[in-house]
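This report concerns only the one structure given below.
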There are 2 protein chains.
Amino acid sequence: MTTRQPPSPSLIDVARAAGVSTATAGRALGGYGQVRAGTRERVLTAAAELGYRTNGLARSMITGSTQTIGVVVTDVANPFFAIALRGITDVVQPAGFEVLLANTAGALVAEQRALTVMSEKRVDGVIVAAAQPAEGAHLEHAIELGVPIVLLDRQVTGAADADSITIDNEHAAAEAVTHLLELGHRRIGVVTEAGEQLPALLAADDRPGGAFPSAMRLRGYLGALGAAGLEVDEHLIGSARYDRDSAYDATTRLLDLDDPPTAVLCTDNVLATGAFRAAQDRGLRMPEQLSLIGFDDEPWTTLVRPELTIVEQPTYELGTRAGQQLLDRITGGRERRTNHVQLRAKLVVRGSTGPV
Amino acid sequence: MTTRQPPSPSLIDVARAAGVSTATAGRALGGYGQVRAGTRERVLTAAAELGYRTNGLARSMITGSTQTIGVVVTDVANPFFAIALRGITDVVQPAGFEVLLANTAGALVAEQRALTVMSEKRVDGVIVAAAQPAEGAHLEHAIELGVPIVLLDRQVTGAADADSITIDNEHAAAEAVTHLLELGHRRIGVVTEAGEQLPALLAADDRPGGAFPSAMRLRGYLGALGAAGLEVDEHLIGSARYDRDSAYDATTRLLDLDDPPTAVLCTDNVLATGAFRAAQDRGLRMPEQLSLIGFDDEPWTTLVRPELTIVEQPTYELGTRAGQQLLDRITGGRERRTNHVQLRAKLVVRGSTGPV
DNA sequence: CTGAAAGCGCTTACAG
DNA sequence: CTGAAAGCGCTTACAG
């Protein structure tokens, strides 16, 4: 059935059919202003008969609000962001807001473009998981234009006026290392994608502004060792790219050392899959011959044997809080102080960690 | 820094600053019509100085296009939809379209509301993974209003004018069962969330219109057994809700039978986690004592031992094709015939299946 | 190539 | 409670 599509009826058509002015028709349909019950009835009936639907563009242009927020992430297919995104929609949709989503694949230009487009589409605010925590100029620019921003999962330097919601990654990693120390481990390795930032982390003693979670976790690892009075052995820091195979190789290199680690912390869930596999393929019994800790409570961590000890992030809550924070900012206006919330991760001890 | 936000400059301001008409300013900024190079320069400079950004709402109201598509899914946190969504954005964003996302949590009313709102916001088209394959009236209504729709992952009865992209779930499940039959299995169980649809499936001999993938898979299971001349034993059909614990229980019930199955097909990835665990807890050696097949190539399926034989869906491609299909429809208009594409899943044989 | 004018479809003071 | 008019910020014929 391919009928030629009739032009969508406008408020004028409805008003004419109901015998009222467009102002009155608008009031009846939009639920604002005062309309006599009988008049409202006639307008509603006419609208229904004509198949009228409000033109949201026209309305938004006048009201100055689109009831839409932007969400910019590096990868929606990553379970972490997928779950956080669900948290955002669960909070924001019931409040009458829609979500405009952009995926940047980690490219700064894509993020910049997304912010420009969203700003042109007049979103009421944006939640962004930045591709480059060191690059915040475009974000600050958007804020100056009047677009409230909530940073998700990572702080950004140069975006001082953005709110943020993150996880205390440094503390989370430190807690995992402390657990291993308490079990008696002294040679503790780490599989990380923040390897090349090691020199900077070792040098700096001030807290960095914008940083990837991976860097903060590596920092936590270093800090916990330091607090225990242990020297950092750079051989124990296994650098990997963000994929399973690379983590596999990094883990293998650690296990090949003359003086290999007795325990390994993986600073991410994907890296943990590679590390687990490497240990498995090598036939190492866990936790007797190797203790292993991962990140995120993914389904597989309780399907493998032994079950994996992990650091559990409040991912869903990260999303709901981000959504709530942005709604508050949209309602509360720019006057409110910038708000930085940090959530705590939780160590979940299972079978993959044991005494040395 | 909380400066009071200056009203965003409009085209009028730019035109005035550049000493041209708004028509000319619009042409220079919007990249349409003819403008002398020198004039364009002046306009662009003025715009940059004023910090001008096009008002997309006003533009869309005139051009009749928002360069935005809607995507409606039941659960973005589900890896299946998260990956498909990534496929959609990867195709649609480079083409200059943004994505308006709605999560329905499987509620029909939420889906209806989402379509109304998206239609009011004048999206150029919508991709929807329907909450209720039997309810298509609201979808057909949107199409009549001029909003092209592409159905994702499930057909819907009553939405005859919608395009669709799905996976041949019936064939996929049948192929898995055939694999087990070839290995000599005769008592083949299934863990499914479509259990209550069994009577309907056993009765109907015509292909159903709208149906959940789970129902189509159960249908494939029944068909493959029938083709092999085997009677369907309803005791071998383990009904579960869509969660791990329920699948665990359903699997346990199957294994508790006097004459238990020697092989089990799980019609979904979540159900497979529960089934795998049940087999594991019972101490069954796979594949010697039980052959198991799951759905979707999730990371865990190659981390467990034995590795899981699975049916791999082209999830990412499902998304890219859906995006492409919608763009074609938006460009091509309503005149084109409705287009139904079905993708094939692939059986990946691994260690969890073996001879009986 | 450029401009004056109309118009997209609403909401908002302002009168009555 | 209702209406006439203005206006949101653009693009599009239509003239020149």
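Quick note on labels: first sequence line is chain A, next is B, and so on, each numbered from 1.
A distance of 8.5 Å separates CZ in A:Arg329 from CD in A:Gln325, rounded to the nearest 0.5 Å.
For A:Lys121 and D:dG9, the NZ to C1' distance is 15 Å, given to the nearest whole Å. Per the geometry, CZ belonging to B:Arg16 stands 19 Å off P belonging to C:dT2, to the nearest Å. Between B:Arg59 atom CZ and D:dC8 atom P there is a gap of 19 Å when expressed in whole angstrom units. Counting to the nearest Å, the P atom of C:dG16 and the CZ atom of A:Arg36 are 20 Å from each other. The nearest whole Å value for the distance from the CD atom in B:Gln34 to the P atom in D:dA13 is 15 Å. Going from atom CG of A:Leu57 over to atom P of C:dC10 covers 10 Å, rounded to whole Å. Atom CD in A:Glu120 sits about 15 Å away from atom P in D:dG9, given to the nearest Å. With rounding to whole Å, B:Asn55 atom CG is found 14 Å from C:dG9 atom C1'.
For A:Arg122 and D:dG9, a side-chain-to-base donor-acceptor distance below 3.5 Å is absent, hydrogens and geometry of angles not being considered.
Proximity of A:Thr24 to the phosphate of D:dT2: no side-chain N or O atom is located under 4.0 Å from OP1 or OP2. Checking the phosphate oxygens (OP1, OP2) of C:dC1, no side-chain nitrogen or oxygen of B:Tyr32 falls inside 4.0 Å.
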Test side chain to side chain contact (heavy atoms under 4.5 Å, CB included) on B:Phe81 and B:Thr74; report intermediate values, then the result. CA-CA 8 Å; B:Phe81 290 119; B:Thr74 55; 3.2 Å; yes
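Between the side chain of B:Glu120 and the backbone N or O of A:Arg53, no donor-acceptor pair lies under 3.5 Å. Put simply, the side chain of B:Asn103 gets close to the backbone of B:Val76: a donor and an acceptor are under 3.5 Å apart. Judged by distance alone, with hydrogens and angles left aside, the side-chain atoms of A:Arg42 form a donor-acceptor pair with the main-chain N or O of A:Ala18 at under 3.5 Å.
Figure legend. C:dG3 is base-paired to D:dC14; pairs are counted as Watson-Crick or G-U wobble with both atom distances under 3.5 Å.
Of the candidate nucleotides C:dG9, D:dT2, D:dA13, D:dA13 has the atom nearest to the side chain of B:Arg27. Looking at the side chain of B:Ile62, the nearest of the listed nucleotides C:dG3, C:dG9, D:dT11 is D:dT11. When the nucleotides C:dC10, C:dC1, D:dT12 are ranked by their closest atom to the side chain of B:Ala23, D:dT12 comes out on top. Nearest to the side chain of A:Thr22, among C:dT2, D:dA4, C:dT11, sits C:dT11. Of the candidates D:dG9, C:dT11, D:dA4, the closest approach to any side-chain atom of A:Thr63 belongs to C:dT11.
Closest-nucleotide positions on DNA chain C for A:Ile12 and B:Gly33 were compared, and the one nearer the 5' end corresponds to B:Gly33. When the nearest nucleotides of DNA chain C are assigned to A:Met61 and B:Arg40 by heavy-atom distance, the more 5′-ward of the two goes with B:Arg40.
Backbone-only engagement by A:Thr39 is indicated by non-hydrogen atom pairs under 4.0 Å involving sugar-phosphate atoms exclusively.
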